[in-house]
Amino acid sequence: MSPTCDPLVRVQADDFDPATETRRLTAGRRDVGAVVSFTGLCRDENGRLEALELEHYPGMAEAEIARIANEATGRWPLTGLTVIHRFGKIAPGENIVLVVAASSHRRAAFDAADFLMDFLKSRAPFWKKEHVAGSTEAGWVEAKDSDLEDLKRWEG
Amino acid sequence: MSPTCDPLVRVQADDFDPATETRRLTAGRRDVGAVVSFTGLCRDENGRLEALELEHYPGMAEAEIARIANEATGRWPLTGLTVIHRFGKIAPGENIVLVVAASSHRRAAFDAADFLMDFLKSRAPFWKKEHVAGSTEAGWVEAKDSDLEDLKRWEG
Amino acid sequence: MKLIYFAWVRERIGLSDETVDLPAEVKTVADLLNWLKGRGENYSAALERPDVIRVAINQEHADHSTRLPDHAEIALFPPMTGG
Amino acid sequence: MKLIYFAWVRERIGLSDETVDLPAEVKTVADLLNWLKGRGENYSAALERPDVIRVAINQEHADHSTRLPDHAEIALFPPMTGG
């Protein structure tokens with residue numbers, strides 16, 4: 001009954017264009033009623049952040065995101081799903097992560113995008129390091145307990 | 001404490017470009033960490049739909065969307081919020097409605113966009129009529145009870 | 001009083017808007033709907049189920065129990081289906 | 001066994017990856033973490049709180065109680081902070 005779709009997963013150093021990715025899921029189709037896109041950007045902590053550096057586990061990053069994406073397409077009737085996560089140095093204001101979920105139904109698109117972001121945060125093998133202006137020390141961002149709390153929203 | 005923002009509300013016959021609207025909320029800023037955009041499209045019911053016709057109440061449509069948008073900016077710390085709703089004839093595959101919510105925080109952006117759509121559906125004065133291929137009769141789309149259920153998610 | 005109609009309420013009444021003089025006993029939105037129903041078959045067809053009719057007074061949603069202001073734009077329409 | 005380290009685990013150990021021969025008594029992920037801690041100050045600094053260390057076996061998340069396969073790529077890293 002549920003439309004199946006094959007998620008598109010990319011892990012890359014280059015920037016992405018949310019508009020292009022959205023068009024890929026809607027162009028020439030008449031069955032898409034809702035597209036939810038989430039873009040996560042590098043946010044400046046009080047003007048002191050020079051850049052984020054994102055380390056990742058090549059191979060596992062793609063595999064783990066694909067596992068989460070496939071779980072989402074099994075849970076919600078999606079017509080399309082795209083997930084892109086960048087690695088490397090990223091300046092404030094730049095894109096880090098993109099999730100685009102398309103469906104015939106509004107709630108499915110919202111929930112799938114929300115679910116993807118919750119699981120990416122605590123299961124995709126990426127680690128953020130902060131490069132701070134005027135300092136040679138770079139510090140690893142600590143995981144938040146709330147990230148694990150977020151996962152519980154999707155249980156049961 | 002919460003970043004205040006002045007929502008941008010437009011009610012128009014013309015199409016819109018989600019990418020342009022998203023850029024408007026992020027360009028030149030370093031404080032935006034999350035952008036959630038929802039695009040509602042005209043979906044074809046089993047290949048029989050020729051077009052939707054959207055009637056609206058000019059004046060009240062803008063005012064009511066602005067009331068809902070202002071409620072959202074009061075509830076969540078948003079750095080930007082844009083809502084665009086089209087009226088007139090809209091073919092399958094075309095855009096109907098856009099909500100873009102920007103925030104420092106992921107959950108605020110998701111919740112605000114979700115809230116906006118729930119309230120737009122049952123409070124913004126728009127009515128959809130379906131023009132069906134091979135028929136001169138056009139039928140009004142009926143409101144769903146589930147639309148009112150959706151509002152209850154935001155109580156309390 | 002300025003009355004304005006939308007969607008199938010407009011189609012069934014056969015008018016987009018009109019200006020009417022209300023009798024003194026029409027005090028609330030519910031009174032108005034009831035009074036309009038008696039104005040002809042087109043009105044009774046449009047308003048046969050008053051409970052589903054939504055009302056806005058001066059472009060704000062209003063309950064059926066709301067008292068009518070002296071001068072206002074009263075809009076009658078079906079449940080909304082935008083978004 | 002191929003071991004691979006990320007983020008501050010990598011920095012503290014001072015290696016990105018290495019291949020080690022494990023003694024027969026190292027049977028689970030927890031055994032591995034305990035054994036590595038004894039290999040020097042860099043390892044004990046990286047693994048001082050084994051409970052926060054996340055582990056992947058052949059690129060899939062694994063519990064500390066998981067038995068180690070004979071040949072595998074075992075990755076050790078801090079809690080993830082992507083997204």
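Numbers restart at 1 for each chain; the letters A, B, ... are given by sequence-line order, proteins then strands. Everything numeric here is computed off the predicted structure, so don't read it as measured data.
Counting heavy-atom pairs closer than 4.5 Å to chain A, the top residue among G33(B), A91(B), A27(B), P18(B) is G33(B). No other option in D17(B), T39(B), L49(B) has as many heavy-atom pairs under 4.5 Å with chain A as T39(B). Interface remark: of the candidates D114(A), N95(A), T22(A), D114(A) forms the most heavy-atom pairs closer than 4.5 Å to chain B. For the set G47(A), A102(A), S37(A), C42(A), the entry with the most heavy-atom pairs within less than 4.5 Å of chain B is S37(A). Chain A forms more heavy-atom pairs under 4.5 Å with one residue of L41(B), D150(B), V100(B), V99(B) than with any other, namely L41(B). Of the listed residues (R23(B), R106(B), R29(B)), the greatest number of heavy-atom pairs within a distance under 4.5 Å of chain A belongs to R106(B).
For I96(A), no part lies under 4.5 angstrom from a heavy atom of chain B. Contact of A109(A) with chain B is not made at all, since no heavy-atom distance falls under 4.5 Å. Of the atoms belonging to T26(B), it is side-chain heavy atoms, and not backbone ones, that fall under 4.5 Å from chain A. For D118(A), the parts sitting under 4.5 Å from any heavy atom of chain B are the backbone and the side chain alike.
A salt bridge does not link E55(A) to K128(A): none of the charged nitrogens lies less than 4.0 Å from a carboxylate oxygen. A salt bridge does not link R75(B) to D111(B): none of the charged nitrogens lies less than 4.0 Å from a carboxylate oxygen.
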*asked:* I'd like to know whether R86(B) forms a salt bridge (charged side-chain N to carboxylate O under 4.0 Å, His left out) with E94(B), so could you lay out the CA-CA distance, the side-chain angles of the two residues, the decisive distance to 0.1 Å, and finally the verdict.
replied: CA-CA 10 Å; R86(B) 293 179 67 193; E94(B) 281 190 56; 3.0 Å; yes
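Ring orientation note: the planes of F126(A) and H56(A) are close to parallel, at an angle under 30° on the 30°/60° scale.
No close placement of the Y57(B) and W127(B) rings is indicated, their centers lying 6.0 Å or farther apart. F38(B) and F110(A) have their aromatic ring centers within a separation under 6.0 angstrom.
For CD of E142(B), the number of neighbouring non-hydrogen atoms (other residues, nucleotides, ligands) closer than 6.0 Å is 12 at most.
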